[in-house]
Colleague: 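There's a structure below that I have some questions on.
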Amino acid sequence: MSQDLLFPIYKPNFMYFSLKEKKFWVILPLLLTVIIIVLLLVKNFSFDVISFKNGKSFSYHLFLLVIIIFPLLFLSVFDHWKEILFHKKLLLAGLSSFFIAINFSSHQSYQFSFLFAAVALIYLFFERKIFRPNTFFILLILYFGINALSLIWTNDIKLGVSYLREIIPLIYVSLLFSFFRLDKRDFDMIALFIFRFSIIYAFISICSWIIETRFLEFPLINSFGFSKQILNNRNCYDIVYAWSDRVHPTYNGINLLFALSIGWYYIFRKKVKDNINPYEFVFIVLSTLLIGIITASRFIIIVWIIVNLAGILFSIRNNKKLLISITLCFFVTGAFSLAKFSDKCVNFIQDPIRVFHYEVAFESIKKNPFIGTGYGGIPPMIEKDNPAYVANNNFPPNVYQMKHPDNQLLSDFMQTGVFGFALITLILSFPLFLSIKNKDWLLFVNSLFFLVLMNIESPLMYVNGIFTFTLIFNLLLNRNTKLKQYNLIR
């Protein structure tokens with residue numbers, strides 16, 4: 001196993017960063033921080049960002065295009081970019097733009113996935129070598145197959161076919177990734193690019209929050225009340241992501257959490273060119289926490305804690321005494337908090353609507369545990385007309401119809417029975433197993449936070465969730481596989 005996949009052996013030391021070597025990357029987070037401070041101080045500056053977006057004018061579409069295309073200029077700053085061949089540049093630029101696009105509407109995700117497919121095929125043509133599909137791709141093929149097979153007994157064939165079309169990216173994106181391999185410097189550049197794009201993404205979101213909140217004449221301090229709805233039937237995340245054409249507190253936060261894990265992975269690694277500096281690292285840590293708080297996203301806050309705790313342990317792993325002491329401290333503090341504030345912890349983690357969705361899901365599973373309802377068969381169960389919902393007097397009368405029970409494992413169990421449940425469990429366990437086997441911290445921590453995500457959302461039933469899951473895991477697994485000659489198809 002190559003050394004770069006092992007836990008770093010470097011001791012924490014911020015002093016090796018020099019302004020001369022990292023001038024551009026040092027200035028960027030400092031400049032963005034100054035702009036945020038100026039916006040906070042200039043209290044009479046406001047703008048209706050939501051109306052600007054809803055107008056769908058040419059200016060807004062141009063704004064989004066600039067947000068997607070402009071960060072690609074960051075690639076030209078990397079030393080590695082100047083050393084690689086043109087067809088490799090096409091591949092890495094296509095992959096970078098693809099990652100940016102999945103943070104926006106599903107329409108853009110599809111468009112840039114096709115662009116990625118085109119540049120990947122061009123790259124393979126010039127490389128003249130191709131690798132065989134990997135195990136992860138085979139598992140996804142089986143997942144697609146069992147969902148397709150369940151259309152035979154589904155109670156809504158039209159909806160099932162619609163869902164099946166949505167998970168096609170699981171197949172073609174993973175297939176393309178399995179055909180090529182990124183070397184260490186390729187992966188480093190892409191990971192650091194994603195990290196820096198996420199800084200821009202967080203910056204724009206924070207600016208949107210300040211400007212739109214001022215326009216609505218809502219005190220900024222009231223955004224910290226951890227309430228979803230804050231003013232005129234507007235949700236807090238509608239304001240933070242007022243600038244974006246995709247608004248969802250969980251899925252919008254995934255790229256920030258992924259960037260946070262990248263930050264911990266690289267911050268203490270000395271031998272990486274164009275590496276992360278402390279100013280960038282502090283910016284992404286604090287901005288991700290701030291966005292988690294002002295969007296009232298329990299997912300972001302919980303995973304932020306997990307990634308940072310794992311990152312702290314990750315950085316001190318070579319100091320055994322300190323590692324044991326800090327680990328014990330975490331356990332004691334966590335146990336005390338759960339004991340002292342158990343009611344508040346339960347209320348924070350549990351969503352009463354989700355809990356009731358789970359109860360209805362388990363009732364559905366009990367009726368047909370082996371083959372389930374068939375793909376697309378969930379909506380008749382998870383809706384307000386279900387007698388189980390009507391019988392529950394505590395359930396809100398304004399419940400909206402759901403396409404899933406906010407849990408991917410339960411969603412698959414409901415639709416494809418025990419076989420589907422076993423397969424999705426295997427898909428989630430496979431990267432976790434590889435991360436432990438290969439001592440790959442970055443894959444390990446992202447496997448953990450996707451396990452959390454799969455238990456509070458159903459990302460594989462949404463286009464953006466499908467693209468995000470597929471792209472992040474394929475990127476991490478692509479450089480995780482040790483190259484072997486027999487994998488080459490000549």
Side-chain angles (χ1 to χ4, degrees), residues 102 109 113 131-151 160 163-179 250-251 254 257-258 261 299 303 306 361 365 369-378 403-438 440 442-481:
I102 66 172
S109 297
S113 74
F131 291 85
R132 291 175 180 165
N134 54 34
T135 305
F136 189 66
F137 171 74
I138 294 171
L139 290 174
L140 293 179
I141 281 284
L142 293 174
Y143 181 78
F144 183 89
I146 195 170
N147 284 314
L149 182 64
S150 72
L151 294 178
Y163 287 177
L164 197 66
R165 285 202 305 266
E166 289 184 355
I167 64 172
I168 289 177
L170 287 175
I171 306 304
Y172 71 81
V173 173
S174 299
L175 180 62
L176 288 169
F177 261 100
S178 67
F179 284 159
T250 300
Y251 297 116
I254 290 176
L257 295 166
F258 183 45
S261 69
F299 169 73
V303 176
I306 292 173
I365 290 169
F370 294 105
I371 61 173
T373 63
Y375 207 40
I378 288 181
K403 60 191 291 188
H404 56 76
D406 270 332
N407 186 303
Q408 187 64 51
L409 300 175
L410 289 181
S411 296
D412 285 300
F413 210 153
M414 288 178 72
Q415 294 179 111
T416 49
V418 66
F419 303 104
F421 177 78
L423 190 54
I424 188 62
T425 303
L426 185 59
I427 289 172
L428 295 176
S429 301
F430 177 71
L432 187 61
F433 166 76
L434 279 185
S435 69
I436 295 171
K437 178 183 177 182
N438 297 328
D440 185 349
L442 189 58
L443 180 58
F444 175 76
V445 75
N446 280 280
S447 297
L448 284 184
F449 98 59
F450 265 95
L451 281 175
V452 174
L453 177 64
M454 294 290 181
N455 280 280
I456 64 169
E457 289 286 346
S458 295
L460 299 186
M461 299 190 73
Y462 289 105
V463 172
N464 287 107
I466 291 165
F467 275 113
T468 302
F469 171 83
T470 307
L471 187 51
I472 288 179
F473 273 116
N474 275 292
L475 178 62
L476 294 175
L477 290 169
N478 182 280
R479 77 38 154 130
N480 185 69
T481 305

Colleague: Between Y163 and N147, does a side chain to side chain contact (heavy atoms under 4.5 Å, CB included) hold up when you go through it step by step?
Modeller: CA-CA 9 Å; Y163 287 177; N147 284 314; over 6 Å; no
Colleague: Shortest non-hydrogen contact from P459 to Q408?
Modeller: N-OE1, 3.4 Å
Colleague: When you compare the side chain of I424 with that of T416, does any pair of heavy atoms fall below 4.5 Å?
Modeller: no
Colleague: Taking side chain as C-beta onward, heavy atoms only, is D440 less than 4.5 Å from F444?
Modeller: no
Colleague: Evaluate the criterion side chain to side chain contact (heavy atoms under 4.5 Å, CB included) for residue pair I472 and I254; output intermediate values, then yes/no.
Modeller: CA-CA 10 Å; I472 288 179; I254 290 176; 3.9 Å; yes
Colleague: List the residues meeting side-chain hydrogen bond (donor to acceptor under 3.5 Å, both in side chains) with S261, not counting sequence neighbours, and say none if there are none.
Modeller: N446
Colleague: Please report the shortest heavy-atom distance between G376 and Q415, naming the atom on each side.
Modeller: N-OE1, 2.9 Å
Colleague: Got a sec, which residues hit side-chain hydrogen bond (donor to acceptor under 3.5 Å, both in side chains) with S411, two or more places apart in sequence or on another chain?
Modeller: S458
Colleague: Looking at residues at least two apart in the chain, or sitting in another chain, which of them share a ring-ring contact (aromatic ring centres under 6.0 Å, His included) with F473?
Modeller: F450, F469
Colleague: Per the salt bridge (Lys or Arg N to Asp or Glu O under 4.0 Å) rule, what does the pair list look like for residues 411-432, sequence neighbours excluded?
Modeller: none
Colleague: Just grab all the salt bridge (Lys or Arg N to Asp or Glu O under 4.0 Å) pairs involving residues 413-434, residues at least two apart or on different chains.
Modeller: none
Colleague: Using residues 164-176 as the side-chain source, report each donor-acceptor pair under 3.5 Å to any protein atom, sequence neighbours left out, with the distance given to one decimal.
Modeller:
residue, atom, partner, partner atom, Å
Y172, OH, S113, OG, 2.7
S174, OG, L170, O, 2.6
S174, OG, N474, ND2, 2.9

Colleague: Look only at the side chain of S435 and the backbone of L432, and say whether a donor-acceptor pair between them is shorter than 3.5 Å.
Modeller: yes
Colleague: Are the side chain of N478 and the backbone of F177 linked by a donor-acceptor contact shorter than 3.5 Å?
Modeller: yes
Colleague: Decide side chain to side chain contact (heavy atoms under 4.5 Å, CB included) for L426 and L142; before the verdict, give the C-alpha distance in whole Å, the side-chain angles of both, and the deciding distance to 0.1 Å.
Modeller: CA-CA 11 Å; L426 185 59; L142 293 174; over 6 Å; no
Colleague: List for me each residue that meets side chain to side chain contact (heavy atoms under 4.5 Å, CB included) alongside S109, sequence neighbours excluded, and say none if there are none.
Modeller: I102, N464, F467
Colleague: Suppose we screen for side chain to side chain contact (heavy atoms under 4.5 Å, CB included). Which residues come up paired with F413, at least two apart in sequence or across chains?
Modeller: I365, V418, F421
Colleague: Find out whether Y375 and L149 are in side-chain contact, i.e. whether some heavy atom of one side chain is under 4.5 Å from a heavy atom of the other.
Modeller: no
Colleague: What residues, two or more places apart in sequence or in another chain, satisfy side chain to side chain contact (heavy atoms under 4.5 Å, CB included) together with F433?
Modeller: K437
Colleague: Side chains of L476 and F258: closer than 4.5 Å at any heavy-atom pair?
Modeller: yes
Colleague: Which salt bridge (Lys or Arg N to Asp or Glu O under 4.0 Å) pairs, counting each pair once, include a residue from residues 464-473, with sequence neighbours left out?
Modeller: none
Colleague: Output every pair passing salt bridge (Lys or Arg N to Asp or Glu O under 4.0 Å) with a member in residues 454-467, not counting sequence neighbours, ordered by first then second residue.
Modeller: R354-E457
Colleague: I need the L453 CG to L428 CG distance, nearest 0.5 Å.
Modeller: 9.5 Å
Colleague: Are any non-hydrogen side-chain atoms of Y251 and T468 less than 4.5 angstrom apart?
Modeller: no
Colleague: Would you find more than 12 non-hydrogen atoms of other residues, nucleotides or ligands less than 6.0 Å from F419 atom CZ?
Modeller: no
Colleague: Using every non-hydrogen atom in the two residues, find where L257 and F299 come nearest and quote the distance to one decimal.
Modeller: CD1-CE2, 3.5 Å
Colleague: Is it the case that the side chain of N407 and the backbone of N455 share a donor-acceptor pair, with hydrogens and angles ignored and the cut-off at 3.5 Å?
Modeller: yes
